[in-house]
Amino acid sequence: MKKISLLLSLFITIVAAFAQKSVIPFPIDSTYLPPSNSFVYALPQSVLNIKVTVAVMKQQKGKYGDFAEKMLGVSNSIRTNRTLYKVNSVEISNGVVPDPDYQYLVTLSGKEMKKMLLKKIEIESKNGIVRQITIENPLKEDKEAPQWLYFGNLIFEEKVENYIDTKIIDGVVTQVPITNTTTIAKTLEDEAQEIADFILKIRKDRYALISEPHEYSISKEALEYTIEQMNKMEATYMELFVGSTVTEEVTEYFTIIPQKEDENIIPLFGFSETHGIVSLQSPFTSVTYQLKMDPLVKSSETVRLIQNNRSASFAGYRIRTPLAVSVSLYKNEELVNCFGLFPIFQLNEIQVLQKNIPNFDIFQWGIVY
């Protein structure tokens, strides 16, 4: 208790920059006209800025997906077009904004007016930095168009028929050879079979290139380059059977202002693998993400002592110190991440100081307008 009393006495005798004549809650009656030697300040309140990064996976069925298992033995091909979502990361940062519920009008004494303190307040309050979050959508590189090397006669094929036709020319019966060429459309299965045969040929040629002897020497670099190109060619055509997946990232931002110490669970958003981030009330919500806030202490002994020993002379500046709070992220009832400690101003008690504390620097405790 002696240590607490000593801390209290040190706190009350702080040497800091503005002696004030009066401090009253603001706003006041609309008819009240503030004096020229006054200014307004607000107590700070903490905000939590939450950045959620979601992976968007767009799966596209291949043109010949129905024949993947029959022709190439592939059983895990994409069967339907769909979009899937996954939470990649959640990041939290903290900031400070004015608390509109706790604003105060300060009237300075004549002595302080002579020191041009209002001018200093005006200058220093304009030096504040306003931060604005900008969501940037980076330009996505266009996916390189596949180089189809084997599509010249894929959809149509020519059918050639040779026969002998008998004709009478100048009264003479003559047999004339005839060639008839017709173009017919292939079925989808015929197209698939042709591409599957080409893929199998690539594999056979690659195997021969690696395992069989060659008539001439091939450098290591040339061999690696050739195999790489064959791999790319095979992967390009395999997409026609197994399908393709394109993954992008989108970012959502949330701003949370904690309000009450006893409400330590803050719902953030609902999530669905098929719809991504949705509202908590959405019928598509399969899981919910929420923040859990655990203050380390409910109220410091120093604050209690100040409040319990407050007298009429304590009618000066109102201040409050931040409360250390442990912030964690939960997915339903499962702990996802513990972000550590964050200072939260509005969860602590407001302290009322003595009037006319000399050299008190309000810029360290409030946000001046």
Side-chain angles (χ1 to χ4, degrees), residues 42-59 82-103 125-142 245-295 320 322-348 366-367 369:
L43 293 183
Q45 65 175 349
S46 302
V47 297
L48 297 178
N49 301 309
I50 302 169
K51 175 183 176 182
V52 183
T53 303
V54 177
V56 184
M57 295 166 286
K58 298 179 180 178
Q59 296 183 342
R82 61 178 182 173
T83 301
L84 299 177
Y85 299 83
K86 178 185 176 183
V87 175
N88 270 358
S89 65
V90 179
E91 303 174 27
I92 294 184
S93 60
N94 64 311
V96 175
V97 297
D99 192 332
D101 294 331
Y102 294 97
Q103 302 179 74
S125 62
K126 288 182 179 179
N127 289 336
I129 300 176
V130 178
R131 296 183 178 179
Q132 180 178 356
I133 296 177
T134 302
I135 303 177
E136 295 184 358
N137 296 318
L139 295 176
K140 298 179 176 62
E141 296 183 1
D142 293 334
T245 300
V246 177
T247 302
E248 300 176 351
E249 279 193 346
V250 297
T251 304
E252 297 281 351
Y253 292 88
F254 300 86
T255 298
I256 301 297
I257 302 180
Q259 294 298 329
K260 296 182 180 179
E261 186 175 347
D262 55 350
E263 294 180 359
N264 63 339
I265 299 295
I266 302 177
L268 292 179
F269 56 86
F271 191 81
S272 165
E273 286 188 353
T274 55
H275 291 77
I277 293 178
V278 294
S279 68
L280 294 168
Q281 295 77 28
S282 171
F284 301 109
T285 297
S286 57
V287 296
T288 59
Y289 283 81
Q290 50 199 3
L291 289 183
K292 184 178 181 183
M293 307 183 63
D294 295 311
R320 62 183 171 194
L323 195 63
V325 176
S326 175
V327 179
S328 304
L329 178 69
Y330 279 78
K331 176 183 176 182
N332 288 344
E333 303 299 326
E334 176 188 357
L335 175 63
V336 176
N337 191 16
C338 182
F339 296 105
L341 296 178
F342 288 82
I344 308 296
F345 281 93
Q346 58 270 29
L347 298 189
N348 213 346
I367 300 175
Y369 289 83

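The first residue in the sequence is number 1, and the count goes up from there.
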- Query: Can you list the residues that meet the side chain to side chain donor-acceptor pair (under 3.5 Å) rule with Ser326, with sequence neighbours excluded?
  - Reply: none
For residues 330-340, please give each side-chain donor-acceptor pair under 3.5 Å, one per line with the distance, not counting sequence neighbours.
| unit_1 | atom_1 | unit_2 | atom_2 | d |
| --- | --- | --- | --- | --- |
| Asn332 | OD1 | Thr288 | N | 3.0 |
| Asn332 | OD1 | Thr288 | OG1 | 3.3 |

- Note on the structure: In this structure, CD of Gln59 is separated from OG1 of Thr247 (nearest 0.5 Å) by 8.5 Å
- Rounded to the nearest 0.5 Å, the OG1 atom of Thr83 sits from the CE atom of Met57 at a distance of 9.5 Å
- Message: Among residues at least two apart in sequence or on other chains, which ones pass ring-ring contact (aromatic ring centres under 6.0 Å, His included) with Tyr102?
- Response: none
- Task: Determine yes or no for a side-chain-to-main-chain donor-acceptor pair under 3.5 angstrom, with Arg320 supplying the side chain and Pro44 the backbone.
- Result: yes
- Message: Tell me every residue that passes side chain to side chain contact (heavy atoms under 4.5 Å, CB included) with Val278, counting only those two or more places apart in sequence or in another chain.
- Response: His275, Ser282, Thr285
- Query: Hey, mind stepping through Ile256 and Val47 against side-chain contact (heavy atoms from CB on, under 4.5 Å) and telling me if it holds?
  - Reply: CA-CA 6 Å; Ile256 301 297; Val47 297; over 6 Å; no
- Message: Between Phe254 and Val52, does the side-chain contact (heavy atoms from CB on, under 4.5 Å) criterion hold? Intermediate values first, please.
- Response: CA-CA 8 Å; Phe254 300 86; Val52 183; 3.9 Å; yes
- Query: Can you name the side chain to side chain contact (heavy atoms under 4.5 Å, CB included) partners of Pro100, sequence neighbours left out?
  - Reply: Gln45, Gln103
- Message: One pair to check against side-chain contact (heavy atoms from CB on, under 4.5 Å): Asn49 and Tyr253. What are the steps and the verdict?
- Response: CA-CA 7 Å; Asn49 301 309; Tyr253 292 88; over 6 Å; no
- Side-chain touch Val325/Asn264, heavy atoms, less than 4.5 angstrom: no
- With distance as the sole test, does Ser46 use its side chain to make a donor-acceptor pair with the main-chain N or O of Phe345 at under 3.5 Å? yes
- Query: Just by modelled atom types, is the Ile257 backbone N or O under 3.5 Å from a matching donor or acceptor in the Gln259 side chain?
  - Reply: yes
- Considering residues at least two apart in sequence or located in another chain, which fulfil the side chain to side chain donor-acceptor pair (under 3.5 Å) criterion with Ser93? none
- Query: Of all heavy-atom pairs between Leu280 and Gly270, which one has the smallest distance, and what is that distance?
  - Reply: CD2-N, 3.6 Å
- Task: Give a yes or no on whether Glu273 atom CD has more than 12 heavy-atom contacts from other residues, nucleotides or ligands under 6.0 Å away.
- Result: no
- Message: I'd like to check Leu291 versus Leu329 (side-chain heavy atoms, cut-off strictly below 4.5 Å). Are they in contact?
- Response: yes
- Item | Rounded distance (nearest 0.5 Å) linking atom NZ of Lys292 with atom CD1 of Ile266 | 12.5 Å
- Side-chain donor or acceptor of Ser286 paired with backbone N/O of Phe271 under 3.5 Å: yes
- Note on the structure: Scanning both residues in full, the closest heavy-atom pair of Pro98 with Ile367 reads N-CD1, 3.5 Å
Could you pull out every donor-acceptor pair under 3.5 Å between side chains of residues 84-92 and any protein atom, sequence neighbours left out?
| unit_1 | atom_1 | unit_2 | atom_2 | d |
| --- | --- | --- | --- | --- |
| Asn88 | ND2 | Glu249 | OE2 | 3.0 |
| Ser89 | OG | Thr53 | OG1 | 3.4 |

- Item | Contacts of Pro343 that satisfy side chain to side chain contact (heavy atoms under 4.5 Å, CB included) - sequence neighbours left out | Asn94, Pro322
